[in-house]
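Following: one structure in structure tokens, then a few remarks.
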Amino acid sequence: MKELAKTYDPKEFERRIYEGWEKDGDFHAEIDPAKKPFTIVMPPPNITGQLHMGHALDQTLQDVLTRWRRLQGYAALWLPGTDHASIATEMRVADELREKEGLSKEDLGRDEFLKRVWQWKEIYGGRITEQQRRLGDSCDWERERFTMDEGCNKAVVEFFVRLYEKGLIYKGSRLINWCPTCGTSLSDAEVEHEDLNGKYWYIRYPAANGGEGITVATSRPETMFADVAIAVSPEDERYLDWIGKTVLLPVIGREIPVIADSYPDPEKGTGAVKITPAHDPNDFEVGERHGLAQPVCIDFEAKMTAEAGKYEGMDRFACRAAWVDELTTAGYLVKTEDVVIPTGKCYRCGTIVEPMISEQWFVKMETLAKPAILAAKRGELRHVPARFEKIYLHWLEEIRDWCISRQLWWGHRIPAWTCGVCGEIIVAREAPEACPKCGAGKSVLVQDEDVLDTWFSSGLWPFSTLGWPEDTPDLRYFFPTNVLVTGYDIIFFWVVRMVFSSLEVRDEPPFETVFVHGLVRDELGRKMSKTLGNGVDPIEVIDLYGADALRFFLLNGSAAGGDMRFIMKNVESTRNFANKLWNASRFVLMNLGTGEAAGQRDTEGLSLCPASLRDEDKWILRTVEQVAAEVTDNLEKYELSVATQKIYDLIRDEYCDWYIELVKTRLYGEDEESKKVCCAVLVRVLSDLLRLLHPFMPFITEEIWSYLDKPNKLIRDSWPTPEGFAADSDFTAASVRIETTKEIVRAVRNIRAEANAPQAKKLPILILFDKGGGSGESGGERNGENAALGAGAAAHIQALAGVSDIGIVRSEAELPGDTVSAILKGMVLHVPLADLVDFAAEREKLAKERERLTGETQRLGGKLNNEGFTAKAPPAVVDTERAKLAAAEDALAKVIAREAAIREK
RNA sequence: GGGCGUAUAGCUCAGCUGGGAGAGCACAUGCCUUACAAGCAUGGGGUCAUCGGUUCGAGCCCGGUUACGCCCACCA
């Protein structure tokens, strides 16, 4: 006979359970016309490294949703994969190459370098999927994808060509963000802004005719070498006379015009702005408007060009210092001002980005963004929590053309060829055989060296992974997907791109819901990062406490898109919860084991004949059903942490602390029939609890389930469905009786603890029922009293509260003098404690209680006398308040009576 | 310069569409009760940041203030 081990040891079974699922294909989603599909496409982790705690949260949320829907009978597909992460991976591999072999990627050459990256991908990609297995991810590994696999590559090329053919992709020379360290262009999203301490240098540009000239402020004096004009506002009276005249670049002596443009703001700086089209986005636009030249004084390595004269070859910042010195000496520096400068930095390496003019490929955003904005506004795309829609819309409304070419090797090569003879650009799905314009042969057609922004391919992820551009069965069945789970930090990087890409080729959003979660921070609330070294490895936590405990902890703390702190010690409590369930199950199994064949352990199917059920059985069945309904509702609303909490309470409080305790007298008793019934209920309820908990704690639930001799595995079983217990008046009445019993037990325990009565000593109790309380039956008070408590109540109270005898008294007069009392609904409970009774303390307690109840009755009375309340509040609320008042008045009367009774003691 | 979030028990945080505040940890007391000391029982502890408004009624809705945090942004 199988027994659960004495201690919960997740290491013992988590791997085994996972291997079993995988081996049996339990994660595989079959297309089934009889079932509804449920699809989540996993945000592909970068192959740059390993999963961190944020991934663990992200993955757990997705796994909960997937497992839950799978239990509900959906064809649930969670499609996994990894991202090639063009720039990030290339940097990592190049770093490794430099450190280990002292080689640059150029030393290796493109082909050889790419081989190395593919090797890296094998190692790190495998490491990531291994971590996902440890977490318990129930994703369909048979459908695993990679953003650079054949199918995804095909999708990227197809998408590129289509956009190009529609005129939505163009090649042009424009001002882009350039990272001198990574040696590539960047999209706007890849630039992070940071406020740095800097200066404004006020520099005088003398008039060409030898006059005083114009003073301008600049934070970047080193760009002066590429100045082509001074711009002023046409409405700025100070400079009206200057328009059309010229000034000289100080020291350099080059003559530049003063032009009028709408860009300068008279309120800012000196009102006059130096114009450097090649190194500033605003100036670039001004330059375009006025047809100005675009001299370049900083090159792609952030060094000064020949334009800077003697500074040629100098680093841009070194040049700045030297140049300011020279200007100062020459008397052109008017003043300086300390100021914070918002500075753009490369999101990968932190280098200050240099705006550069460069020929790049761009996606025209305006036409693509519009439908994506509409989809959200029409509600075809829902954000949870809703406030994140603002971030999404804001980004789309502000969006500018997207620079998609990168001067890198690792990524999707741009499907464009240039004809060496006539210069024609050919964009095609496959390498062209000849130039369509001049007919030149293949040998002179050169493919663009650049690769695409990594987000270009991830934007296609929800459908490229399902087979697009082919019209596959998977695509037809599983697309559009149901929900996208992601952190708020990549909404604009990624979510918007998936939406407009999908709208472009599929004419519908790629998912119904974007479920947004927050970041996992360290114990001090700081972002976990490599540089701080404060990251916690999920695997480390799993090794210590188990994957289930980690998952439950993450879920519990991940409410409503907010950030959460990861506190290692607190994972202990969820591990302890798992241990609790483990032991409760062990207890149930031990009791089932007695004298029964192993094959009969699954007593769930035993008909639960209502007549044979006791109050506590009905109560727990009803409670579980209610909570199951609530949990289902919470999951539908993506309130995962609320659901987690409810299941926790149900298992811990109701099942373990109450039901199992209530049932022990029967299990240890002589009544075999009753024993059988409660065993059936124990197993039945345990089964439902395991079903409810499985999405959250998949391992332990599957492991325990395996001891229940069920016909199938839990992962493929079903979600609990209501059977009408909650609505059954018989079950409801039984539940009320159990709640009363619990009240009495708690009251006795309280009295015992407060009075310091020995734990082991059995105490008698006396119950003074309210006059007429619970009666109404012809048999008189006695029957009414029994009805209030139920047949099994006495045994329950005796067992759980350490009570010897339960006496019923009719009046205060029948009581012994030395009791401690508790005022309960419909009764006063007395515990005779003889010399242990502290009447002074008792009076104090009662006085306090009287005060509280007096306040409460006044408050409620006032409320109910207020016509505004009775007229306007919903009837149900008024009824509740009336009942509360009645209860409070009743309790108050009893308190006063009790006070009177012990006044002389 | 815009936008957003958070402020609730000593700590970390819940609190669903407004009807007198909860959990975990910590703390105190008593228990080796035959599933569990990774446990059981009991208890103490909160003018729900602040000011004002709406309402019969506000932790929750509205406005102001303060503190901390985040995001976006091409201002010399």
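In what follows, every chain begins at residue 1, and chains take the letters A, B, ... in the order their sequences are listed.
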Is there a donor-acceptor pair under 3.5 Å between the side chain of [X] and the backbone N or O of [Y]?
X: Ser233(A); Y: Glu235(A); result: yes
X: Asp548(A); Y: Ile700(A); result: yes
X: Asp563(A); Y: Gly518(A); result: no

Expressed as a whole number of Å, how far does the [atom1] atom of [N] sit from that of [M]?
N: U17(B); M: U6(B); atom1: P; value: 13 Å
N: G20(B); M: C13(B); atom1: P; value: 27 Å
N: G3(B); M: U42(B); atom1: C1'; value: 50 Å
N: G10(B); M: A28(B); atom1: P; value: 16 Å
N: U34(B); M: A26(B); atom1: P; value: 24 Å
N: G44(B); M: U29(B); atom1: P; value: 15 Å
N: G63(B); M: C11(B); atom1: C1'; value: 33 Å
N: A9(B); M: A21(B); atom1: P; value: 15 Å

Quiz item: Where do Arg220(A) and Ile298(A) come nearest, in terms of heavy atoms and distance?
Solution: NH2-CD1, 3.7 Å

Whole angstrom value for the distance that separates [atom2] of [N] from [atom1] of [X]:
X: Glu389(A); N: G3(B); atom1: CD; atom2: P; answer: 17 Å
X: Lys569(A); N: U12(B); atom1: NZ; atom2: P; answer: 15 Å
X: Tyr392(A); N: C4(B); atom1: OH; atom2: P; answer: 19 Å
X: Lys646(A); N: G24(B); atom1: NZ; atom2: C1'; answer: 18 Å
X: Asp188(A); N: C71(B); atom1: CG; atom2: C1'; answer: 16 Å
X: Arg521(A); N: C70(B); atom1: CZ; atom2: P; answer: 7 Å
X: Tyr488(A); N: C72(B); atom1: OH; atom2: P; answer: 10 Å
X: Asp195(A); N: C72(B); atom1: CG; atom2: C1'; answer: 12 Å

Atom pairs, N/O to N/O, protein against nucleotides 17-20 of chain B, distance under 3.5 Å?
from, atom 1, to, atom 2, distance (Å)
G19(B), O2', Glu881(A), OE2, 3.4
G20(B), O5', Lys884(A), NZ, 3.4
G20(B), N7, Arg859(A), NE, 2.6
G20(B), N7, Arg859(A), NH1, 3.2

Self-check item: Check against salt bridge (Lys or Arg N to Asp or Glu O under 4.0 Å), Lys742(A) and Glu654(A)
Solution: CA-CA 11 Å; Lys742(A) 284 164 73 178; Glu654(A) 312 296 10; 3.3 Å; yes

Counting the atoms with a prime plus P, OP1 and OP2 as sugar-phosphate, which does [X] contact under 4.0 Å by heavy atoms, base, sugar-phosphate, or nothing?
X: Glu630(A); value: nothing
X: Arg387(A); value: sugar-phosphate
X: Pro264(A); value: base

Self-check item: Pairwise 5' ranking along RNA chain B for Lys390(A) and Ile567(A), keeping only the more 5' one
Solution: Lys390(A)

Quiz item: More 5' along RNA chain B: Asn634(A) or Glu194(A), using each one's nearest nucleotide?
Solution: Asn634(A)

Evaluate the ring planes of [X] and [Y], with Trp represented by its six-membered ring, and classify them as parallel (under 30°), tilted (30 to 60°) or perpendicular (over 60°).
X: Tyr655(A); Y: Tyr659(A); answer: parallel
X: Trp323(A); Y: Phe225(A); answer: tilted
X: Trp582(A); Y: Tyr8(A); answer: tilted

Quiz item: When you look for runs of 3 or more Watson-Crick or G-U pairs in a row, both distances below 3.5 Å, which of them include RNA chain B?
Solution: B:1-7 with B:66-72, B:10-13 with B:22-25, B:27-31 with B:39-43, B:49-53 with B:61-65

Exercise. Determine, for nucleotides 33-41 of chain B in 5'-to-3' order, which nucleotides have protein heavy atoms under 4.0 Å from the base (write B), from only the sugar-phosphate (write S), or from neither (write -).
Key: --BB-BSSS

Practice problem: Taking only the side-chain nitrogens and oxygens of His193(A), find out if one of them lies under 4.0 Å from OP1 or OP2 of C74(B). | Solution: yes

Quiz item: Which listed nucleotide (C25(B), C71(B), A73(B)) is nearest to the side chain of Lys527(A)?
Solution: C71(B)

Going by atom types alone, do [X] and [Y] pair a side-chain donor with an acceptor below 3.5 Å?
X: Tyr648(A); Y: Asn556(A); value: no
X: Asp188(A); Y: Asn177(A); value: yes
X: Ser187(A); Y: Glu190(A); value: yes
X: Lys274(A); Y: Thr276(A); value: yes

Practice problem: Would you please indicate yes or no on a ring centroid separation below 6.0 angstrom for Tyr347(A) and Phe493(A)? | Solution: yes

